[in-house]
Asker: 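Here you go, one structure.
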Protein chains: 2
Amino acid sequence: MSLKERLPDPQIPAHERVYRALRARIMHGELAPAQAMTLRGIAGEFDVSMTPAREALRRLVAEGALTVSASGRVATPQLAPERIEELAALRALLEPELASRALPRAHIALIDRMQAINATIGQMITNGDATGYIRSNLEFHRALYLRAQAPAMLALVETVWLQMGPPMRALYARTSTPQAPANHRKIIGALRAGDEPGLRLAIRMDVTNGLRMLVA
Amino acid sequence: MSLKERLPDPQIPAHERVYRALRARIMHGELAPAQAMTLRGIAGEFDVSMTPAREALRRLVAEGALTVSASGRVATPQLAPERIEELAALRALLEPELASRALPRAHIALIDRMQAINATIGQMITNGDATGYIRSNLEFHRALYLRAQAPAMLALVETVWLQMGPPMRALYARTSTPQAPANHRKIIGALRAGDEPGLRLAIRMDVTNGLRMLVA
DNA sequence: ATGGCCGGACTGTGATCACAAATTCGGGAT
DNA sequence: ATCCCGAATTTGTGATCACAGTCCGGCCAT
């Protein structure tokens, strides 16, 4: 053995696989704030060596999804309330712009899909599935923003989502009555009506309502 | 020799040193678009092994400063005009907000410093120092935005600056009459007057004027 | 001369190891 | 019981290497 043994590695590199898995965990709120992780721990969990594990972690640190202490230890960040408000302000700034750009390209099929996703969100709430709720919620927004044809802007918003992952988890640990579906219905309504100002407002409300619950 | 030989490595890790150097190069427009680089080349240049070189490059890729081909080669991106416009739109969206938040905290010393930086910008222009011009220009903006107490927002803007580095270089290779100082004087004036709407407008004009030159 | 092909050099990926710093934990003194 | 200190373990950093895929050169056939 030792230096060969390359079995199911078609196309996607190991560091990418680790990165995607960890990123999903963080964004969907599966990790609590200030949760520490070690290179060897991650490497062992994904059955890779330290090298790809280190690359994946470093990449997440670069995106602000993880913080690194002075000694090099990495952990999910413990955000101060002002930082959470700042991230929410960024969402309130960027997402209406993305929605506005997507509006002209939002055809019926998209709106129907968003409505379906919104139904899924309702199910997640009744099931008490916090992770599934967060994931579906982001999927709802991403489905719309993808139509904006603005990859750089979307990438920025996604890093903001990433940074809000752990706080979101902490939120759903204490409260349990999200009102996202109602806001989302307003978004869908504005889309149907082609009402650009209404859409911007609905998006902003949806984003800042989530915030209000987070810091309250 | 071989595995020891750790001479002047106090505090700052090798991968960080490489990262900072490359980041500055890119952001200040020292690298042309579509400029390729190799792991071993970077490693050799900074007298480190491939490992820290790889980490530095991966980090820059994560920030959008570099692109990686399907085969793993990294290079500075060759941005399509729509991408450049998108980045400029992001600046126009984020920077007025940062300026607005900095306004209440902008004391005289800061304004004086910005005026001094603006004078330096003028020198850079007369000297024909493109890199120095870009660097001073960003320094002017960063000096203001630092007062906004919004680290996440500033970090996002800086990654946008990073992505615009290579195109900026390409710009100053063909034109040579930046009008930044005039816009900057308007910014300083609005700061002195405590005029928030005027400040937002001046910032937006400064940003979009640079764009107009970029795509023209 | 030109177009396709084949070989070698080059490049990124991942594993493994040496090393130093840091963290942790247990025992002893107060 | 509490605090402190030192040793053992754990942890990140960086170097080196094997390997496979890619890229670039010249060479041969047409």
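Order of the sequence lines sets the chain letters (A, B, ...), proteins ahead of strands, with each chain counted from 1.
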Asker: In this structure, how many angstroms lie between the C1' atom of D:dG14 and the CZ atom of B:F46, rounded?
Answerer: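 One finds 16 Å between C1' of D:dG14 and CZ of B:F46, rounded.
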
Asker: Any side-chain N or O of A:S49 less than 4.0 Å from the OP1 or OP2 oxygen of C:dG14?
Answerer: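 Result: no.
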
Asker: Just by distance, do the side chain of A:T76 and the backbone of A:A32 share a donor-acceptor pair under 3.5 Å?
Answerer: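 Looks like yes, one N/O pair under 3.5 Å.
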
Asker: Could you check B:T51 against B:G41 and say which one's nearest nucleotide on DNA chain C is further toward the 5' end?
Answerer: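 Its nearest nucleotide being more 5', the pick is B:G41.
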
Asker: Can you tell me how far C1' of D:dA15 sits from CD of B:E55, to the nearest Å?
Answerer: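 In whole Å, D:dA15 C1' and B:E55 CD are 12 Å from each other.
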
Asker: So, B:H15 and B:Y19: side-chain donor and acceptor under 3.5 Å apart, yes or no?
Answerer: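 Absent: no donor and acceptor within the cut-off.
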
Asker: Look for any protein N or O under 3.5 Å of an N or O in nucleotides 10-12 of chain D and output each such pair with its distance, or none.
Answerer:
residue: D:dT11; atom: O4'; partner: A:R73; partner atom: NH2; Å: 3.1
residue: D:dG12; atom: OP1; partner: A:L39; partner atom: N; Å: 3.3
residue: D:dG12; atom: OP2; partner: A:L39; partner atom: N; Å: 2.9
residue: D:dG12; atom: N7; partner: A:R40; partner atom: NH1; Å: 2.9
residue: D:dG12; atom: O6; partner: A:R40; partner atom: NH2; Å: 3.1

Asker: Can a donor-acceptor pair be found, under 3.5 Å and without considering hydrogens, that links the side chain of A:R105 to the backbone of A:R101?
Answerer: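 Looks like yes, one N/O pair under 3.5 Å.
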
Asker: Can you measure B:Y19 atom OH to D:dT13 atom P for me and round it to whole angstrom units?
Answerer: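 B:Y19 atom OH is separated from D:dT13 atom P by 15 Å.
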
Asker: Whole angstroms only, please: what is the CZ-P distance between A:R17 and C:dT13?
Answerer: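 In whole Å, C:dT13 P and A:R17 CZ are 15 Å from each other.
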
Asker: Specify the separation, in whole Å, of atom CG of B:L66 and atom C1' of C:dT11.
Answerer: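 One finds 16 Å between C1' of C:dT11 and CG of B:L66, rounded.
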
Asker: Between A:E16 and A:R20, is there a salt bridge with N-O shorter than 4.0 Å?
Answerer: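 The answer is yes: the pair qualifies as a salt bridge.
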
Asker: Do side-chain atoms of A:S136 reach the backbone of A:Y133 as a donor and acceptor pair under 3.5 angstrom?
Answerer: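 Side chain of A:S136 to backbone of A:Y133, a donor-acceptor pair under 3.5 Å: no, none is there.
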
Asker: So if I apply the side chain to side chain donor-acceptor pair (under 3.5 Å) rule between B:E95 and each of B:R204, B:R200, B:H141, which one comes out positive?
Answerer: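 So the option named by the test is B:H141.
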
Asker: Give me, pair by pair, the N or O atoms of the protein and of nucleotides 6-9 of chain C that are less than 3.5 Å apart, along with how far apart they are.
Answerer:
none

Asker: Output yes when a side-chain donor or acceptor of B:E86 lies under 3.5 Å from a complementary backbone atom of A:A152, and no otherwise.
Answerer: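 Yes; at least one donor-acceptor contact below 3.5 Å.
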
Asker: Is any side-chain heavy atom of B:D129 closer than 4.5 Å to a side-chain heavy atom of B:T131?
Answerer: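 In short, these two side chains touch, coming nearer than 4.5 Å.
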
